[in-house]
Amino acid sequence: MIITLEPDALESHAASVVRLAERYPGVTARRHEFRGASTSIIEIHLIGPTRSVPTEPFESLAGVRKVVRVSAKYRLIGRSDPGAETPGFEYNGVRFDERRVHVFAGLCAVDTREHVEQMMAAVQAAGLTTTRMGVYKPRTSPYDFQGLGKACLPWIFELAGKYGIRVIAMEVTDARHVDEIRRALDDAGNPTGVMLQIGTRNTQNFELLKHVGQQQSFPVLFKRGMGITLEESLNACEYVASEGNQNIVFCLRGVKTHLGEPHRNLVDFAHVPVLRRQTRLPICIDPSHSVGRMDVGPDGLPDIFHAVGQGIIAGASMVLVDFHPHPEEALCDGPQALRLPDLPRLLRYVTVVRRAFEELTAPAP
Ligand code: PEP
Ligand code: MN
């Protein structure tokens, strides 16, 4: 059961809800606060045998807005109030919610300092402060390039500072990587920030999920599992929130099936509205790993652009996309990398489609 308080509720209102809840045997009450751009909402979650707990005594308490019984297991990331604003969060001066779109354009895998510098210069020139930089790469074959690992972190962070990058999406595949990133950022004087990416191969690595959930320094970009149901991915994502870290963006990246051919995966961005309805998280789309190739249509636009359009028109508020200064030299996923001159074109595409989304969803005058 979730008891949502009024936006202007006092701490004493929350305390009386908790006191009442704890009168029911075996029931524990946990207080959660969701800070949105304009309002902040307190919820009290009742855990345990709540089936026999009546809703009315809570509904009549001062400061209570509503009481709902939740059946979804992902109660923290789940949306209990259909009309409420997606609260989102702020990290290193960047706000993640549904009011704007962030494009994280960057390297799938960091290879050379020169490429990182060219990439970040292009990101800055395009007016962005967000990028992606893969350092720990989970590869299908043990003989493939595994990423440069912690050795490249000092110069990545130094260059990020130089080019005004505020947030880098960076995948971690082991709890150790989080400590390595934290140490390298501290050593560099924290010139930038990192969003910890959980890749599709680790969607159900529950120990890793608990680890990134137990720390609050870094937000988490959680990718759906490529071969499990959306419901299973949502339950896995809840692990992060249930350990205490609510700063999560949920990312769609396609699902594995030959039916998506010739694309690498079947693009699943029709799930954007489903996720916006079922969760309170900002939603990201990764068109690069979904489409997986740089083919261009008769209109001159890459399939990747049109996949981005599908996500943005449905309300996605973040895009994770692979670029490379020289895709033919990339050590990982070169065939799906866009070239640097494509970045301003992609941003224009995003702006036009986002404008259409805003027009289509504006309240009737
Ligand atoms: C990535 O974004 O670099 C990546 C490996 O993605 P995914 O986990 O979606 O395959
Ligand atoms: Mn990749």
Should E207 and K210 be marked as a salt bridge (Lys or Arg N to Asp or Glu O under 4.0 Å) after you check the CA-CA gap, both sets of side-chain angles, and the distance that decides it?
CA-CA 5 Å; E207 295 310 314; K210 286 184 204 166; 3.2 Å; yes

So which heavy atom on [X] is nearest to which on [Y], and how close?
X    : Y    : result
M1   : V70  : N-CG2, 4.0 Å
Q146 : S141 : NE2-O, 3.3 Å
D322 : C108 : OD2-CB, 3.4 Å

Please list, one pair per line, the donor and acceptor atoms closer than 3.5 Å that link side chains of residues 109-123 to other protein atoms, with sequence neighbours excluded.
from : atom 1 : to   : atom 2 : distance (Å)
D111 : OD1    : H115 : ND1    : 3.0
D111 : OD2    : H324 : NE2    : 2.8
T112 : OG1    : H115 : N      : 3.0
T112 : OG1    : H115 : ND1    : 3.2
R113 : NH2    : E158 : OE2    : 2.9
H115 : NE2    : E329 : OE1    : 3.4
E117 : OE2    : K162 : NZ     : 2.7
E117 : OE2    : Y163 : OH     : 2.6

Between [X] (side chain only) and [Y] (backbone N and O only), is there a donor and an acceptor less than 3.5 Å apart?
X    : Y    : value
E238 : I77  : yes
T130 : V167 : no
N245 : F218 : yes
H13  : L10  : yes

Within 6.0 Å of [atom1] in [X], more than 12 heavy atoms from elsewhere:
X    : atom1 : value
E359 : CD    : no
R139 : CZ    : yes
R100 : CZ    : yes
R69  : CZ    : yes

Judged by modelled atom types alone, do [X] and [Y] share a side-chain donor-acceptor pair under 3.5 Å?
X    : Y    : result
E98  : S317 : no
T39  : E85  : no
E261 : H258 : yes
R79  : Q278 : no
H326 : R339 : no
D286 : H289 : yes

Does a side-chain N-to-carboxylate-O contact under 4.0 Å join [X] and [Y]?
X    : Y    : value
R30  : E43  : no
D268 : R224 : yes
R176 : D179 : no
R31  : E11  : yes
E232 : K73  : no
E180 : R182 : no

Are the side chains of T4 and I41 in contact, using a 4.5 Å heavy-atom criterion?
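Yes, at least one pair of side-chain atoms sits under 4.5 Å.
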
Return the CD to CG distance between E90 and D97, rounded to the nearest 0.5 Å.
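Output value for this atom pair is 9.5 Å.
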
Gap separating the CG atom of L148 from the CH2 atom of W155, nearest 0.5 angstrom
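If we round to the nearest 0.5 Å, L148:CG and W155:CH2 are 5.5 Å apart.
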
Before you tell me yes or no, could you show the steps for D174 and H177 under side-chain hydrogen bond (donor to acceptor under 3.5 Å, both in side chains), namely the whole-Å CA-CA distance, both residues' side-chain angles and the distance that decides it to 0.1 Å?
CA-CA 6 Å; D174 189 281; H177 300 157; 5.3 Å; no

Pick from R132, K137, R293, R264: which one makes a salt bridge (charged side-chain N to carboxylate O under 4.0 Å, His left out) with D333?
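So the option named by the test is R264.
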
Under 4.5 Å between side-chain heavy atoms, hopping through other hydrophobics if needed: is there a path connecting Y91 to M133?
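Y91 clusters together with M133.
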
Hydrophobic cluster membership, L266 vs I304, 4.5 Å side-chain cutoff
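No; tracing contacts between hydrophobic side chains, which count when under 4.5 Å, never links both residues.
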
List the steps and the verdict of side-chain hydrogen bond (donor to acceptor under 3.5 Å, both in side chains) for S40 and E33.
CA-CA 7 Å; S40 156; E33 191 164 346; 3.0 Å; yes

Answer yes or no on whether R95 is positioned over the face of F89, meaning its NZ or CZ is under 6.0 Å from the six-membered ring centre and within 45° of the axis.
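Cation-pi check for R95 and F89: fails.
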
Using the side-chain hydrogen bond (donor to acceptor under 3.5 Å, both in side chains) definition, which of the options Q214, Q216, H211, Q215 pairs with E243?
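Going through Q214, Q216, H211, Q215 one by one, the side-chain hydrogen bond (donor to acceptor under 3.5 Å, both in side chains) with E243 is satisfied by Q214 alone.
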
